[in-house]
Amino acid sequence: MSTLSTSLPGGIWTLGDLTVTRFGYGAMQLAGPGVMGPPADHDGALAVLREAVHLGITHIDTADAYGPRVTNQLIREALHPYSDSLHIVTKVGATRDEQGGWPPARRPEDLRRAVHENLENLGLEVLDVVNLRLGDAQGPQPGSLAEAFETLVDLRRQGLIRHLGVSNATAEQVAEARSIAPIVCVQNMYNLAHRQDDELIDELAEQGIAYVPFFPLGGFSPLQSSALSAVAARLDATPMSVALAWLLRRSPNILLIPGTSSVAHLRENVAGAGLSLSDEDLAELDKIGR
Ligand SMILES: NC(=O)c1ccc[n+]([C@@H]2O[C@H](COP(=O)([O-])OP(=O)(O)OC[C@H]3O[C@@H](n4cnc5c(N)ncnc54)[C@H](OP(=O)(O)O)[C@@H]3O)[C@@H](O)[C@H]2O)c1
């Protein structure tokens, strides 16, 4: 296991045998509008990725569905050859259609192809962590993941994947995955205002499994709440900083992957997540999503 010390807010976490900073970076926002096509500012996108690594971030979240292929190719262009401390987490199980939709692609042949394409686009021999992306754009949907997850377990056995996770999953699907093979993370939608996974987060924390909220800042519609604004104003901070600091405080197994296409926002988010929240602040923020 690598050792890593960091001055980033939140410190470190281990995904299996991989040490990552709890403050990571989500690359989805680097693709064009609607997460389709190339970014308007190619060099700006490369600069964001390089700044993330420069700031000490060692966890980047991505997928070939972003663009499609665009964010993985940007990551490769900006950062390859990768430093040993950098861990790229990708996901398979959804593809893109011409309208920008996200149809599922979870047949064994889809998943095998997706793993090979991720390896190629990222320029890697082994993928550090692969999440099986379940459900649909409306959120998690019930149903067995066995066939799809077993396909990934097989690809891991072949040496193409180090660790597995699930995404957009119900608690039952998380349990089903764990009955088949160990997982190191669950990546679901969660933030101050959307707390449907509170119980799952606590359970995973007890098991040493990371919970990685997507849309930590609200995603395509930024978090808005009068209570959040009031706490932010009192602390002379931005609502984004409060939202990130709250997630780091919420549970030690929460890893942040806020997305941004801006170097300035990236720096702001890293600095802001270190904000210290009082018990009074927490009590007030706790009411938002309850
Ligand atoms: N598993 C899944 O199904 C799934 C689904 C969605 C996302 N994800 C992953 O989760 C990551 C995070 O989600 P996300 O990027 O969609 O949403 P997010 O992190 O909640 O929010 C990103 C949005 O916030 C804005 N933003 C960030 N920092 C800001 C700041 N300091 N001030 C003002 N605006 C700021 C960004 O705009 P700017 O670009 O202008 O900064 C962007 O529009 C993604 O990058 C992706 O890797 C996974």
Side-chain angles (χ1 to χ4, degrees), residues 23-35 39-41 44-45 47-49 51-52 55 57 59-67 70-72 74-75 87-96 100-106 118 129-141 165-170 173-174 185-194 197 210-224 228-229 232 237-247 254-275:
F23 198 105
Y25 170 69
M28 187 177 85
Q29 303 292 340
L30 294 181
V35 199
D41 178 1
V48 172
L49 288 161
E51 181 65 9
L55 290 167
I57 288 172
H59 170 202
I60 295 182
D61 184 78
T62 185
D64 251 348
Y66 302 156
V70 168
T71 61
N72 278 355
L74 287 167
I75 290 169
H87 300 297
I88 299 173
V89 175
T90 192
K91 61 192 91 59
V92 294
T95 184
R96 303 303 297 278
W102 304 77
R106 294 197 282 270
N118 271 278
V129 183
V130 175
N131 284 312
L132 174 62
R133 207 266 197 177
L134 298 157
D136 57 27
Q138 274 63 57
Q141 305 295 338
V166 291
S167 176
N168 210 27
T170 63
Q173 287 163 338
V174 172
C185 55
V186 173
Q187 184 178 124
N188 275 2
M189 180 178 170
Y190 181 84
N191 57 44
L192 251 178
H194 292 92
D197 273 352
Y211 183 89
V212 188
F214 72 76
F215 294 165
L217 300 172
F220 297 108
S221 35
L223 282 175
Q224 278 178 337
L228 175 57
S229 302
T238 63
M240 305 276 178
S241 305
V242 176
L244 294 174
W246 178 82
L247 282 169
I254 289 189
L255 309 186
L256 301 184
I257 51 163
T260 180
S261 54
S262 143
V263 168
H265 286 170
L266 176 65
R267 289 184 186 141
E268 247 176 68
N269 294 345
V270 167
L275 192 69

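Bear in mind that the values here come from a model prediction, so they are computed numbers and not experimental data. Residues: numbered from 1 along the sequence shown. Ligands are counted one by one from 1 in listed order, and the atoms in each one are counted from 1 as well.
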Do Gln187 and Leu255 have side-chain heavy atoms sitting under 4.5 Å apart? no

Does ligand 1 come near enough to Pro216 that some N or O of the ligand is less than 3.5 Å from an N or O of the residue? yes

Using side chain to side chain contact (heavy atoms under 4.5 Å, CB included) as the criterion, point out the one residue from Asn72, Val129, Ile75 that pairs with Ile88. Ile75

Would you check if His265 and Val48 make a side-chain contact, meaning some heavy-atom pair closer than 4.5 Å? no

How far is atom 14 (P) of ligand 1 from the closest protein heavy atom, and which atom is that? Gln29 NE2, 3.4 Å

So Arg96 and Trp102, do their side chains get closer than 4.5 Å, heavy atoms only? yes

the protein heavy atom lying closest to atom 3 (O) of ligand 1 turns out to be Arg133 NE, 3.1 Å

Could you tell me which atoms of ligand 1, counted from 1 in the order shown, lie closer than 4.0 angstrom to a heavy atom of Leu217? 18 (P), 20 (O), 21 (O), 27 (C), 28 (N)

Measure up the Trp246 and Tyr190 rings against each other and bin them: parallel (under 30°), tilted (30 to 60°), perpendicular (over 60°). parallel

Which of these passes side-chain hydrogen bond (donor to acceptor under 3.5 Å, both in side chains) with Lys91: Asn131, Asn118, Asp61? Asp61

Heavy atom to atom 33 (C) of ligand 1, shortest distance: which of Arg267, His265, Met28 holds it? His265

Enumerate the atoms of ligand 1 whose separation from the nearest heavy atom of Ala27 is less than 4.0 angstrom. 45 (O), 47 (O)

So Gln141 and Asp136, do their side chains get closer than 4.5 Å, heavy atoms only? yes

Is any side-chain heavy atom of Thr90 less than 4.5 Å from a side-chain heavy atom of Asp64? no

So which protein heavy atom does atom 5 (C) of ligand 1 come closest to, and at what separation? Phe214 CD1, 3.3 Å

Are any of the N or O atoms of Gly219 closer than 3.5 Å to those of ligand 1? yes

Checking a contact table here: which protein heavy atom is nearest atom 13 (O) of ligand 1, and how many Å away? Phe215 N, 3.5 Å

Nearest 0.5 Å, please: how far is CG in Leu223 from CG in Asn191? 4.5 Å

Under a 4.0 Å heavy-atom limit, does Asn168 contact ligand 1 with its side chain, its backbone, both, or neither? neither

How far apart are the closest heavy atoms of Ser241 and Glu268, and which atoms are they? OG-O, 4.5 Å

Hey, which atoms in ligand 1 end up nearer than 4.0 Å to a heavy atom of Gly218? 20 (O)

Given side chains that start at C-beta, do those of Pro258 and Phe23 come closer than 4.5 Å, heavy atoms only? yes

Report yes if some N/O of Met240 lies less than 3.5 Å from some N/O of ligand 1; otherwise report no. no

Select one of side chain, backbone, both or neither to describe which atoms of Met189 lie under 4.0 Å from any atom of ligand 1, heavy atoms only. neither

Given that the side chain starts at C-beta and the backbone is N, CA, C, O, which of these parts of Glu268 lies under 4.0 Å from ligand 1, counting heavy atoms, or is it both or neither? side chain

For atom 47 (O) of ligand 1, what is the closest protein heavy atom, and at what distance to 0.1 Å? Asp61 OD2, 2.6 Å

Is there a side-chain contact between Leu217 and Asn269, using heavy atoms and a 4.5 Å cut-off? yes

The protein heavy atom nearest to atom 48 (C) of ligand 1 is Gln187 OE1, 3.0 Å

Does ligand 1 have a heavy atom under 4.0 Å from the side chain of Tyr66, from its backbone, from both, or from neither? side chain

Asn269, portion touching ligand 1 at heavy-atom distance under 4.0 Å: side chain

Show the numbers, then the answer: is there a side chain to side chain contact (heavy atoms under 4.5 Å, CB included) between Tyr211 and Asn188? CA-CA 8 Å; Tyr211 183 89; Asn188 275 2; 3.2 Å; yes

May I ask you to identify the nearest protein heavy atom to atom 12 (C) of ligand 1, giving residue, atom name and distance to one decimal place in Å? Ile257 O, 3.1 Å

Under 4.0 Å from a heavy atom of Pro258: which atoms of ligand 1 are those, numbered in the order shown and with their elements? 19 (O)

With respect to Ser262, determine whether any N or O atom, backbone or side chain, lies less than 3.5 Å from an N or O atom of ligand 1. no

Would you mind reporting whether Leu266 and Ile57 have side-chain heavy atoms less than 4.5 Å apart? yes

At the 4.0 Å heavy-atom cut-off, does Pro222 count as touching ligand 1? no

I need the nearest protein heavy-atom contact for atom 19 (O) of ligand 1: residue, atom name and distance, please. Gly259 N, 2.8 Å

Using a 3.5 Å cut-off on N or O atoms only, is Ser167 in polar contact with ligand 1? yes

